[in-house]
Amino acid sequence: MGFIKEFISIYGNEILYTILTAIISFVGLKLKYSYDKYTNDKTKKQVVEDTVKYVEQIYNNLSSKKKFEKAKNNIIELLNDKNISITELELQILIESACNNLTKSSNTKNKDVKTA
């Protein structure tokens, strides 16, 4: 029993600091991961929305399928430049969502113009 007390009195603080450092590092890494995920998701959404608007404006004479491919290629290139990866499904969902929002926005503006 005396050996344990002596060991703790000599090395207790070092052990405690090591444990606390490990816990704080773990929590810090989890917070960083959460922050990176949040900012990457926000960046993905903004890039997709801007690219869909761009493709709609520049390539308005193309078919929907060709516009989708143009948007997809541009988005992948932009996100790769920012070192952000995106899955095929995530890309498709974000593009469709941005197109839907663009259509709703366009319809709302047209209704406002007709009633004015």
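- A single hydrophobic cluster is not seen to contain both Tyr33 and Leu31; linkage of ILVMFWY side chains at heavy-atom distances under 4.5 Å, directly or through other members, places them apart.
- By the criterion of side-chain heavy atoms lying less than 4.5 angstrom apart, applied directly or through intervening Ile, Leu, Val, Met, Phe, Trp or Tyr residues, Ile24 is not grouped with Tyr17; the two fall into different hydrophobic clusters.
- Leu16 and Ile23 fall into different hydrophobic clusters, where Ile, Leu, Val, Met, Phe, Trp and Tyr residues are linked whenever their side-chain heavy atoms come under 4.5 Å apart, directly or through other members.
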Open item on the list: Walk me through whether Asn101 and Ser97 qualify under side-chain contact (heavy atoms from CB on, under 4.5 Å).
Closed with: CA-CA 6 Å; Asn101 289 341; Ser97 175; 4.0 Å; yes

Could you pull out all donor-acceptor pairs under 3.5 Å where a side-chain atom in residues 36-43 meets a protein atom, sequence neighbours excluded?
{"unit_1": "Asp36", "atom_1": "OD2", "unit_2": "Lys32", "atom_2": "NZ", "d": "2.8"}
{"unit_1": "Lys37", "atom_1": "NZ", "unit_2": "Asp41", "atom_2": "OD2", "d": "3.2"}
{"unit_1": "Thr39", "atom_1": "OG1", "unit_2": "Tyr35", "atom_2": "O", "d": "3.1"}
{"unit_1": "Thr39", "atom_1": "OG1", "unit_2": "Asp36", "atom_2": "O", "d": "3.1"}
{"unit_1": "Asn40", "atom_1": "ND2", "unit_2": "Asp36", "atom_2": "O", "d": "3.4"}
{"unit_1": "Thr43", "atom_1": "OG1", "unit_2": "Thr39", "atom_2": "O", "d": "2.8"}

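- Tyr11 has its side chain out of reach of Thr18: every pair of non-hydrogen atoms, C-beta onward, lies at least 4.5 Å apart.
- The salt bridge (charged side-chain N to carboxylate O under 4.0 Å, His left out) analysis of residues 6-30, with sequence neighbours excluded, yields no pairs.
- Between the CG atom in Asn100 and the OG atom in Ser105 there is a gap of 11.0 Å [rounded to 0.5 Å].
- Taken from CD in Gln92 to CZ in Phe68, the straight-line distance is 5.0 Å, to the nearest 0.5 Å.
- Here Ile4 pairs with Ile8 under the side-chain contact (heavy atoms from CB on, under 4.5 Å) rule; sequence neighbours left out.
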Using residues 45-59 as the side-chain source, report each donor-acceptor pair under 3.5 Å to any protein atom, sequence neighbours left out, with the distance given to one decimal.
{"unit_1": "Gln46", "atom_1": "NE2", "unit_2": "Asp50", "atom_2": "OD1", "d": "3.0"}
{"unit_1": "Gln46", "atom_1": "NE2", "unit_2": "Asp50", "atom_2": "OD2", "d": "3.3"}
{"unit_1": "Thr51", "atom_1": "OG1", "unit_2": "Val47", "atom_2": "O", "d": "2.7"}
{"unit_1": "Glu56", "atom_1": "OE1", "unit_2": "Lys67", "atom_2": "NZ", "d": "3.3"}
{"unit_1": "Glu56", "atom_1": "OE2", "unit_2": "Lys67", "atom_2": "NZ", "d": "3.1"}

Pairs under 3.5 angstrom only: tabulate donor-acceptor contacts from the side chains of residues 69-79 to other protein residues two or more places apart or in another chain.
{"unit_1": "Lys72", "atom_1": "NZ", "unit_2": "Glu88", "atom_2": "OE2", "d": "2.5"}
{"unit_1": "Asn73", "atom_1": "ND2", "unit_2": "Glu69", "atom_2": "O", "d": "3.2"}
{"unit_1": "Asn74", "atom_1": "ND2", "unit_2": "Lys70", "atom_2": "O", "d": "3.3"}

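- Every residue two or more places apart in sequence or in another chain that forms a side-chain contact (heavy atoms from CB on, under 4.5 Å) with Thr87 is listed here: Leu89, Glu90.
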